[in-house]
Amino acid sequence: MRFSVFLFLPAVLALSLFALAQDTNSTSGPSQTQGAATQSGTPSAPASFDQVIDRVVQREHLFNAGMRHLHPMVETYIQNFKGNAQAGVVPVSDQYFLGRLDLTEGTKDRSFMGEPGLGHKVLSKFASLYSVRFLPLGFAQMVILDQDFQHKYYNITFARREFLGEIRCLVFDVEPRKGSGNGRFIGRIWVEDQDFNIVRFNGTYQSPSHSSYYLHFDSWRLNLRPGMWLPAYVYSEETGMHSGATTNLNFKAQTRLWGYDLKNPGQSEEFTQILVEAPQTVRDQSAAAQDASPVESQRLWERQAEDNAVERLQKIGLIAPEGEVDKVLQTVVNNLVVTNNLEIVPDVRARVLLTSPLESFTIGHTIVVSRGLLDVLPDEASLAMVMAHELGHIVLGHGGDTKMAFYDRMFFPDVEAFEKLDFTHTPAEEAAADQKALDLLGHSPYKDKLSNAGLFLKALQANAPQLKSLIRPHMGNGLAYGQSVRMSALLTAAPQLETGRTDQIAALPLGGRIKLDPWTSRIELLKTKPVALVSASEKLPFEVTPFFPFLTRLPAPSPEKAALTEPAK
């Protein structure tokens, strides 16, 4: 989806800009003089500190206006923690929210979880948003610096220049002026030096009194289209915050946004590429007599139900478009199929659910694994364990409900997806799939590498009572139920779980493997170098960590393409 209010404003910041004899601690309002325009109408490079701030304010107002027309998926996962003498800080409970962000004033509840949040006429009110009870809206609001960001409301001080990835930024300290109103942002902002978009802000909102609190956060925007920087990640953390007489807040939270372009999945482009072949004068009669047999018809009907469900979940933004990660999963499935001499018709496929909770399930012959589960698995053998369990369901004929073959059943509001689509199996089917998976793994290339898979299950079993929201499935069966875990037979062959060893990695932190493109919802494997751990507290199994994305700038569109997309005058 293209956004007309975002303008690409090429402007090069003079290197000597802040060498000018300007008072960068100025308490006066914004300059009345904007950077002079060139003959072509493009704003020239600002020549003073106030002109820079004026440009930043202008871009932020355009950003706020634009966000009212975008409705990405927004997911927040929170871990409450406490100190541990051996492992440092460890999670003790968690919470999870999923919804669609809607910054239009007067919107209704857009939560997928059936919980309050993202609610009615609340976003425009900064005060009293946060309380001991976490609300999704509170974390979602952290994508907005200030709904009415003005120089007159803030004291803004230049701090330094700094690179965030490839992007050279101007760094400013921002503090609300006295009497400017409650809920103003206080902290630091990073402004890219080409178009003067805010790409990161770190701090909190100013509390109206000592009895109310705002949470601290670190909010990042990515360049998802030329000249367009949009929210992608928010990290929030509090340690020792007192709220009321007995409450002591200690938590870490990750908020992710994706699916900005869900309304433009590419079908229009595919339509324009349709080629019409020349008519054939003679039709092959043998080819015409290819009606499906009853068995083939049943298979096609089941596949149609499967395709309908997968397509609907992708349109919602819950399943990633096909890509390189699917091919990795497919390779593991093929290894299991070939080494066990299986003949499965139709072929088994693999897709990725974009949410953080750890789950896997089958939709017909399509195996679906969540992004969060892929993040925390320590190695390929552990992934093979997950895929073997789901393949066991397919081999044993534990099919899904073919009612989804009628496409009218896909006509439901996006937020009802968890309610309308159910891919769970009975306990008996789960037990049978476990046993079949052990048989498949025993004849696979992974048969001698399953100790780490068992170690992962031990770590999952140890953390399951505390991380109930992380292990709670939303579309299929869970990996753990209390102290019981899937594929528990692998526990006996696994080594002892030793949290104090730095060379034993049973599970990775969330975000350890998968990178998500917020615009297209496509995913890819992270290509990061292994980091040597200096202490056991850095192992962080199943935990949330801060975000530090490597920022890059998309190239400007070519003049020819820009001319085609420019609105008519």
Side-chain angles (χ1 to χ4, degrees), residues 86-87 90-91 325 328-337 339-340 350 352 356-360 367 369-392 433-464 466-467 470-471 478-480 483-514 525-543 545:
Q86 182 179 12
V90 294
V325 179
V328 173
L329 303 183
Q330 193 69 56
T331 298
V332 175
V333 171
N334 291 342
N335 289 341
L336 294 168
V337 169
T339 55
N340 283 274
V352 178
S356 290
L358 314 183
E359 62 178 312
S360 65
I367 297 175
V369 184
S370 71
R371 172 184 52 80
L373 181 54
L374 293 176
D375 274 337
V376 300
L377 290 171
D379 58 12
E380 184 174 327
S382 300
L383 174 60
M385 171 189 67
V386 173
M387 305 305 283
H389 174 87
E390 303 305 338
L391 185 60
D434 271 359
Q435 189 58 46
K436 187 61 180 179
L438 292 173
D439 180 57
L440 295 174
L441 290 169
H443 296 86
S444 76
Y446 308 105
K447 62 181 179 180
D448 298 323
K449 305 174 184 178
L450 295 175
S451 59
N452 275 359
L455 197 61
F456 171 79
L457 292 176
K458 284 189 174 183
L460 182 66
Q461 186 179 50
N463 286 274
Q466 294 78 37
L467 303 181
L470 185 63
I471 66 168
L479 275 71
Q483 290 296 320
S484 300
V485 294
R486 181 188 295 180
M487 305 286 290
S488 57
L490 294 177
L491 293 175
T492 56
Q496 183 71 25
L497 180 63
E498 300 180 48
T499 58
R501 287 177 50 184
T502 58
D503 61 336
Q504 187 191 73
I505 306 298
L508 300 178
L510 287 171
R513 291 201 183 277
I514 304 297
L525 292 172
L526 284 171
K527 300 175 177 63
T528 56
K529 297 180 180 179
V531 178
L533 305 182
V534 298
S535 69
S537 63
E538 292 187 324
K539 292 167 67 172
L540 306 171
F542 307 111
E543 294 187 32
T545 59

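Nothing here was measured: the structure is a model prediction, and the numbers come from that model.
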Novice: Determine whether more than 12 heavy atoms belonging to other residues, nucleotides or ligands lie under 6.0 Å from atom CD of Gln435.
Specialist: no
Novice: Where is the tightest heavy-atom contact between Pro91 and Leu467, given as atom of each residue plus distance?
Specialist: CB-CD2, 3.6 Å
Novice: Do you know the tightest heavy-atom contact between Val369 and Leu373?
Specialist: CG1-CD2, 3.8 Å
Novice: Kindly indicate whether the side chain of Leu470, heavy atoms from C-beta on, has any atom under 4.5 Å from the side chain of Asn463.
Specialist: no
Novice: Of the options Leu510, Ile471, Leu358, which is the one that meets Phe542 in a side chain to side chain contact (heavy atoms under 4.5 Å, CB included)?
Specialist: Leu358
Novice: Between Ser370 (side chain) and Glu359 (backbone), is there a donor-acceptor pair under 3.5 Å?
Specialist: yes
Novice: Can you list every salt bridge (Lys or Arg N to Asp or Glu O under 4.0 Å) pair that touches residues 452-461, not counting sequence neighbours?
Specialist: none
Novice: First locate atom CG of Leu533, then atom CD of Gln504, and finally report the distance between them rounded to the nearest 0.5 Å.
Specialist: 12.0 Å
Novice: Taking the side chain as every heavy atom from C-beta outward, state whether Leu440 and Val337 have any atom pair closer than 4.5 Å.
Specialist: no
Novice: Taking the side chain from Lys436 and the backbone from Leu391, do they hold a donor-acceptor pair closer than 3.5 Å?
Specialist: no
Novice: Would you compute the distance between atom CD1 of Ile367 and atom CG of Leu329 and round it to the nearest 0.5 angstrom?
Specialist: 8.5 Å
Novice: Taking only residues two or more places apart in sequence or in another chain, which ones pass side-chain hydrogen bond (donor to acceptor under 3.5 Å, both in side chains) with Ser360?
Specialist: Glu390, Arg486
Novice: Are Thr339 and Lys447 packed together at the side-chain level, in the sense that at least one heavy-atom pair is separated by less than 4.5 angstrom?
Specialist: no
Novice: Taking all heavy atoms of Ala480 and all of Ala464, pick out the closest pair and write down the distance.
Specialist: CB-CB, 4.1 Å
Novice: Distance only, no hydrogens: is a donor on one side chain within 3.5 Å (strictly under) of an acceptor on the other, for Ser382 and Asp379?
Specialist: yes
Novice: Side chains of Leu479 and Val485: does their closest heavy-atom pair fall under 4.5 Å?
Specialist: no
Novice: Compare every heavy atom of Gly454 with every heavy atom of Leu491, then report the nearest pair and how far apart it is.
Specialist: CD2-O, 3.6 Å
Novice: Do Asp375 side-chain atoms and Leu508 backbone N/O form a donor-acceptor pair below 3.5 Å?
Specialist: no
Novice: Where the side chain of Gln461 meets the backbone of Ser488, is there a donor-acceptor pair that is under 3.5 Å apart?
Specialist: no
Novice: Is there side-chain contact between Asp439 and His443, with at least one heavy-atom pair below 4.5 Å?
Specialist: yes
Novice: I'd like to check Leu438 versus Leu490 (side-chain heavy atoms, cut-off strictly below 4.5 Å). Are they in contact?
Specialist: yes
Novice: To the nearest 0.5 Å, what is the distance between CG (Asn340) and OG (Ser444)?
Specialist: 7.0 Å
Novice: Under the side-chain contact (heavy atoms from CB on, under 4.5 Å) rule, what do Ile514 and Leu525 come out as? Steps first, then yes or no, please.
Specialist: CA-CA 5 Å; Ile514 304 297; Leu525 292 172; 3.7 Å; yes
Novice: About how many Å separate CD of Glu543 and CD of Glu538, when rounded to the nearest 0.5 Å?
Specialist: 11.5 Å
Novice: State the CG-OH distance between Leu383 and Tyr446, to the nearest 0.5 angstrom.
Specialist: 7.5 Å
Novice: Taking all non-hydrogen atoms of both residues into account, name the closest pair between Ala536 and Gly500 and its distance.
Specialist: CB-O, 3.6 Å
Novice: Just by modelled atom types, is the Pro378 backbone N or O under 3.5 Å from a matching donor or acceptor in the Arg513 side chain?
Specialist: yes
Novice: Show your reasoning for whether side-chain contact (heavy atoms from CB on, under 4.5 Å) applies to Met487 and Leu441.
Specialist: CA-CA 11 Å; Met487 305 286 290; Leu441 290 169; 3.8 Å; yes
Novice: Give the intermediate values and the outcome of side-chain contact (heavy atoms from CB on, under 4.5 Å) for residues Met385 and Leu457.
Specialist: CA-CA 10 Å; Met385 171 189 67; Leu457 292 176; 3.7 Å; yes
Novice: Looking at every non-hydrogen atom in both residues, tell me the closest pair between Leu455 and Ala494 and how far apart they are.
Specialist: N-CB, 3.5 Å
